[in-house]
Participant: 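Let me give you the structure first, and then I'll get to my questions.
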Amino acid sequence: MDWARRQRVLALLPVCLALAFSLTAVGSSYWCEGTRRVAKPLCQDHPEVLHCIHYSSGSRDNGTQAVQYIWETGDDRFIWRRFHLGLWQSCEESLDSTGEKCRSFQSLMPAEERGVLWLCIGAEVLSILLTLTSAIVLGSRVSYHSSGFHWLKVDASVAILMVLAGLLAMVAHMMYTTIFQITVNVGPEDWKPQTWDYGWSYCLAWGSFALCMVASVTATSRYTAARVELAEKKSVRKGSQLSQRNFQEPKSSESVWETEAAPSPAGCSLVNISEHLPSDAKGRVSVC
């Protein structure tokens, strides 16, 4: 592989990584992770649950009412369950520890914030489409070998597409962060987390944004360097053509010695010597 094609492959690498990071982040549900405090169920109602509230029952003297004695109080009545959340759904561990229970993220947030979520998803999808277009254009640049193809336009197009993709991704990430924090504060009581932090999908999403900016800056640098090199080649070519015109001489078909019929002193004649002198000088010798 020659050096030029290797540079094209290296230029394609951050674009492909940005596309892979974006697709993984949008399709996963680990943008945010944390724990929730869930009340333990009664062991009699859920015998298969490992963590439940044990109680004993007794009856009053007349036997008309049963009394339940629960021996767990305070924080002992609750268990901690991990959850993770993405653009589409929120999942948490089930009480019987056999799997996860998931529900839509839209059902958790306030109704007035659902439109913002759809704008966030639309910005993410549009960013992925722009990144995919850039990857296709750069891929054709790697596989296309004709010297007549105008690579300056390719670099300019990739620079514009990638900076737009990065800006759209940044706006989408900021909107999602705002929506999640609002849902944490005013969301349903049976979902509110006690502790939470951003997950690996959120890190991948911002990593994709950084790679988009890197690819855009790299394409801009290639475009600028190519323009400067092209301008220098044109100036050198024009200078060489101009110098050739200035130093070009007409060919003489006359004899070496030319005598001019010009007025001369008595007994003398003026002879023009054009062969043995420099090209920019004319010599006249007076012969008596």
Side-chain angles (χ1 to χ4, degrees), residues 1-32 84-91 104-106 114-180 198-227:
M1 183 183 296
D2 57 352
W3 175 246
R5 190 173 184 184
R6 188 177 303 173
Q7 282 186 330
R8 296 171 189 172
V9 173
L10 291 177
L12 181 61
L13 182 61
V15 179
C16 293
L17 285 177
L19 181 61
F21 284 4
S22 296
L23 290 174
T24 305
V26 171
S28 62
S29 59
Y30 286 87
W31 286 61
C32 297
H84 54 89
L85 177 71
L87 289 174
W88 312 100
Q89 61 184 2
S90 173
C91 299
S104 174
F105 183 38
Q106 292 188 16
R114 295 177 182 175
V116 182
L117 178 63
W118 281 113
L119 285 177
C120 171
I121 295 174
E124 290 284 356
V125 173
L126 186 56
S127 174
I128 290 175
L129 291 178
L130 291 176
T131 307
L132 178 61
T133 304
S134 300
I136 294 174
V137 172
L138 281 178
S140 65
R141 188 176 190 267
V142 172
S143 59
Y144 200 77
H145 301 286
S146 176
S147 59
F149 199 83
H150 207 317
W151 299 122
L152 288 176
K153 294 182 179 180
V154 172
D155 289 332
S157 301
V158 170
I160 295 173
L161 290 174
M162 292 306 294
V163 75
L164 289 177
L167 292 176
L168 283 172
M170 180 186 68
V171 172
H173 304 344
M174 295 176 66
M175 285 193 295
Y176 180 83
T177 304
T178 303
I179 294 170
F180 175 74
Y198 297 109
W200 58 267
S201 298
Y202 191 79
C203 297
L204 280 183
W206 281 107
S208 174
F209 160 74
L211 289 171
C212 287
M213 294 295 104
V214 169
S216 176
V217 171
T218 305
T220 304
S221 177
R222 288 197 309 270
Y223 175 79
T224 305
R227 290 287 297 181

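Computed over heavy atoms, backbone and side chain alike; hydrogens, waters and symmetry mates excluded. What you are looking at is a predicted structure, and each value in this text was computed from that prediction instead of being measured.
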Participant: What's the separation between atom CG in Leu167 and atom CE in Met213, rounded to the nearest 0.5 Å?
Facilitator: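 Interatomic distance, Leu167 CG to Met213 CE, rounded to 0.5 Å: 5.0 Å.
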Participant: Taking side chain as C-beta onward, heavy atoms only, is Tyr176 less than 4.5 Å from Cys32?
Facilitator: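 Heavy-atom side-chain distance check passes, below 4.5 Å.
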Participant: In a check of side-chain contact (heavy atoms from CB on, under 4.5 Å) between Leu19 and each of Leu211, Leu130, Ile128, which one passes?
Facilitator: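 Answer to the side-chain contact (heavy atoms from CB on, under 4.5 Å) test with Leu19 among Leu211, Leu130, Ile128: Ile128.
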Participant: Hey, could you give me the OG/CG distance between Ser127 and Leu161, rounded to the nearest 0.5 Å?
Facilitator: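 Between atom OG of Ser127 and atom CG of Leu161 there are 11.0 Å.
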Participant: Testing the basics here: between Ile121 and Leu87, what is the closest heavy-atom pair and its distance to 0.1 Å?
Facilitator: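 Residues Ile121 and Leu87, closest heavy atoms: CD1-O, 4.4 Å.
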Participant: Could you measure the distance from the OG1 atom of Thr224 to the CG atom of Asp155? Nearest 0.5 Å is fine.
Facilitator: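 Output value for this atom pair is 9.5 Å.
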Participant: Is there a donor-acceptor pair under 3.5 Å between the side chain of Tyr223 and the backbone N or O of Ser157?
Facilitator: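 No; judged by distance alone, with no hydrogens or angles, the pair does not exist.
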Participant: Shortest non-hydrogen contact from Val214 to Thr218?
Facilitator: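 What the structure gives for the nearest pair is O-OG1, 2.7 Å.
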Participant: At what distance, to the nearest 0.5 angstrom, does CD of Gln106 lie from OG of Ser90?
Facilitator: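 Atom-to-atom, Gln106:CD and Ser90:OG are 13.0 Å apart.
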Participant: Ignoring hydrogens and angles, tell me if any N or O in the side chain of Ser208 forms a donor-acceptor pair with the backbone of Leu204 under 3.5 Å.
Facilitator: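 No, because the side chain of Ser208 does not come within donor-acceptor range (under 3.5 Å) of the backbone of Leu204.
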Participant: Determine yes or no for a side-chain-to-main-chain donor-acceptor pair under 3.5 angstrom, with Ser104 supplying the side chain and Gln89 the backbone.
Facilitator: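 No, the answer is negative, given that no donor and acceptor are paired below the 3.5 Å cut-off.
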Participant: Can you name the one residue among Tyr202, Trp200, Tyr198, Phe105 that meets side-chain contact (heavy atoms from CB on, under 4.5 Å) with Trp31?
Facilitator: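 The residue from Tyr202, Trp200, Tyr198, Phe105 that satisfies side-chain contact (heavy atoms from CB on, under 4.5 Å) with Trp31 turns out to be Tyr202.
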Participant: What's the separation between atom CD1 in Ile136 and atom CG in Leu12, rounded to the nearest 0.5 Å?
Facilitator: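 The CG atom of Leu12 is 11.0 Å from CD1 of Ile136, to the nearest 0.5 Å.
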Participant: Mind checking the SG-OH spacing from Cys91 to Tyr30? Nearest 0.5 Å is all I need.
Facilitator: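 Reported value, rounded in 0.5 Å steps: 7.5 Å.
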